[in-house]
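Letters go in sequence order (proteins before strands), and every chain restarts at 1. Atom set for the values below is all heavy atoms of this structure, side chains included, hydrogens, waters and symmetry mates excluded.
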Amino acid sequence: MMWKTKLISTPKGFNFGLTVRSHGWYNLAPFFYDATRNTLSYTFAGTKGKPVAAVISEVRNGVRIDLDRAVPDRSGIEEKVRHILRLDDELNAFYEGCCTGTEFDWVRKRGAGRLLRSPTVYEDLVKTLCTTNCSWALTEKMVSNLVDMLGGGSHFPDPETMAAQDEKFYRNEIKAGYRSPFFVELARSVASKSVDPEEWLTSELPTDELKKQIKSVKGVGDYAAENMLKLLGRYDGLALDSWLRGQFYKKHNSGKVCSDKKIEKRYSKYGEWMGLAIWCDMTEDWHH
DNA sequence: GCGTCCAGGTCTACC
DNA sequence: GGTAGACCTGGACGC
């Protein structure tokens with residue numbers, strides 16, 4: 001069977017807009033968010049070099065996917081949209097255990113807490129590397145350069161395509177600077193299957209062991225690994241970066257710098273959900 | 001126009 | 001295990 005438009009149901013209380021705008025990913029190519037229409041566009045690589053552009057919009061009790069051409073059921077696009085929007089994430093434990101009757105009741109009531117992610121863990125990993133030690137503007141530039149130069153201007157390049165380029169290309173064309181050798185090594189490791197980021201989604205390793213595994217990727221330190229863990233659905237790390245710290249200082253410490261331990265102490269009561277708790281707390285004013 | 005700082009950090013060498 | 005210094009880029013800022 002082929003399809004071009006599909007409706008998929010969403011979990012009770014799911015909030016499309018808050019999920020899309022849950023963090024900066026919706027501004028990174030090949031995502032495009034149309035705020036006026038409240039639609040999220042994404043172009044999938046497709047098969048045989050034929051990309052498929054999707055527009056995802058909110059409908060009653062679900063979301064609608066509109067493609068620019070018909071694809072077979074086995075294309076996997078429906079599953080990828082479910083993955084992107086975290087439709088299969090089980091958040092009831094977080095809503096009931098951390099939000100009900102607490103400062104985060106708004107998260108439960110409004111259906112927040114689902115962090116947008118890319119269709120593949122590999123894409124999220126490359127994008128996370130692009131967020132390290134630079135301005136958000138440079139992150140956007142690096143990612144759009146990858147899409148423009150290696151994804152035909154439409155889709156995110158696969159590991160094989162990225163592995164075919166050398167460090168010089170990433171330095172000169174992508175403007176990745178010192179991250180360039182990290183991209184080459186990561187892409188070649190994934191292309192040769194010596195590293196399989198997609199396996200992290202279903203890994204049964206304890207979070208600290210999985211974090212070590214993620215950190216074995218060159219260029220991935222504490223922040224990047226914990227950010228990846230959040231996108232994998234594990235929230236027991238805070239993924240502190242300079243932006244998150246700055247927000248905390250403003251909201252909870254009268255604008256004054258404090259230690260990471262103090263930040264951790266405030267959210268430690270949320271246990272395995274502390275990473276999601278701090279993220280919702282620090283981004284609350286995005287959603288007014 | 002120029003120099004400095006630093007932003008959604010990490011790695012290496014050294015102690 | 002803890003820490004200083006180096007590392008690309010590019011926008012903001014002060015002079």
Could you list by number each residue of residues 229-249 of chain A showing a heavy-atom separation from DNA chain B of less than 4.0 Å, or answer none if no residue does?
A:Asp241, A:Ser242, A:Trp243
Position toward the 5' end of DNA chain B (nearest nucleotide), A:Val220 or A:Trp279:
A:Trp279
Expressed in whole Å, how much space separates the C1' atoms belonging to B:dG8 and B:dT12?
23 Å
Under 3.5 Å, which protein N or O atoms sit close to an N or O of nucleotides 12-15 of chain B? Give each pair with its distance.
none

A:His252: ring pair (Phe, Tyr, Trp, His ring centres under 6.0 Å) partners, not counting sequence neighbours:
A:Phe248
Taking B:dC2 as the reference, what is the distance to C:dC8 when you measure between their P atoms (whole Å, please)?
24 Å
Starting from A:Leu7 and following side-chain heavy-atom contacts under 4.5 Å between hydrophobic residues (I, L, V, M, F, W, Y), which residues can be reached?
A:Val59
Salt-bridged, A:Lys80 to A:Glu123, with N to O below 4.0 Å?
no
Taking any atom under 4.0 angstrom from a heavy atom of chain A, which nucleotides of DNA chain C are the first and last to qualify, 5' to 3'?
C:dC7 to C:dG10
Which heavy atom of A:Asp124 sits nearest a heavy atom of A:Ser118, and at what distance?
OD1-OG, 2.6 Å
Same cluster (ILVMFWY, side-chain, under 4.5 Å), A:Leu116 and A:Phe32
no
Taking NZ in A:Lys251 as the centre, count heavy atoms belonging to other residues, nucleotides or ligands within less than 6.0 Å. Is the count above 12?
yes
Looking at A:Tyr223, A:Trp25, A:Trp136, which one forms a side-chain hydrogen bond (donor to acceptor under 3.5 Å, both in side chains) with A:Thr131?
A:Tyr223
Are the side chain of A:Arg171 and the backbone N or O of A:Ser180 linked by a donor-acceptor pair below 3.5 Å?
no
Separation of B:dG8 atom P from A:Trp25 atom CH2, nearest Å, is 13 Å
Check the side chains of A:Ser57 and A:Arg37 for a donor-acceptor pair under 3.5 angstrom, ignoring hydrogens and angles.
no
On a whole-Å scale, what distance lies between the P atoms belonging to C:dA6 and B:dT4?
14 Å
Any residue meeting ring pair (Phe, Tyr, Trp, His ring centres under 6.0 Å) with A:Tyr33, in chain and number order, not counting sequence neighbours:
A:Tyr26
Salt-bridged, A:Asp105 to A:Arg108, with N to O below 4.0 Å?
yes
Can you find a pair of side-chain heavy atoms, one from A:Phe16 and one from A:Leu40, that are under 4.5 Å apart?
yes
Taking ring pair (Phe, Tyr, Trp, His ring centres under 6.0 Å) as the definition, give me every residue that meets it alongside A:Phe182, ordered by chain and number, with sequence neighbours left out.
none
What stems involve DNA chain C, if each pair must be Watson-Crick or G-U and both of its distances must be under 3.5 Å, with 3 or more such pairs in a row?
B:1-7 with C:9-15, B:9-15 with C:1-7
Six-ring centre of A:Phe31, A:Lys127 cation under 6.0 angstrom, axis tolerance 45°
no
Within residues 125-134 of chain A, those residues having any heavy atom closer than 4.0 Å to DNA chain B are A:Thr131, A:Thr132, A:Asn133, A:Cys134
Please identify each residue that fulfils side-chain hydrogen bond (donor to acceptor under 3.5 Å, both in side chains) with A:Gln247, with sequence neighbours left out.
A:Lys250
Would you mind checking if A:Glu79 and A:Arg82 are paired as a salt bridge, meaning a charged N to carboxylate O distance below 4.0 Å?
no
Strand-adjacent residues in residues 252-277 of chain A, judged by heavy atoms under 4.0 Å from DNA chain B
none
Under 5.5 Å and under 30°: A:Tyr223 stacked on B:dG9
no
I need the residues from residues 174-183 of chain A with at least one non-hydrogen atom less than 4.0 Å from DNA chain C; give them sorted by number, or say none.
A:Lys175, A:Gly177, A:Tyr178, A:Arg179
Mind checking whether A:Tyr235 and A:Phe94 have ring centres under 6.0 Å apart?
no
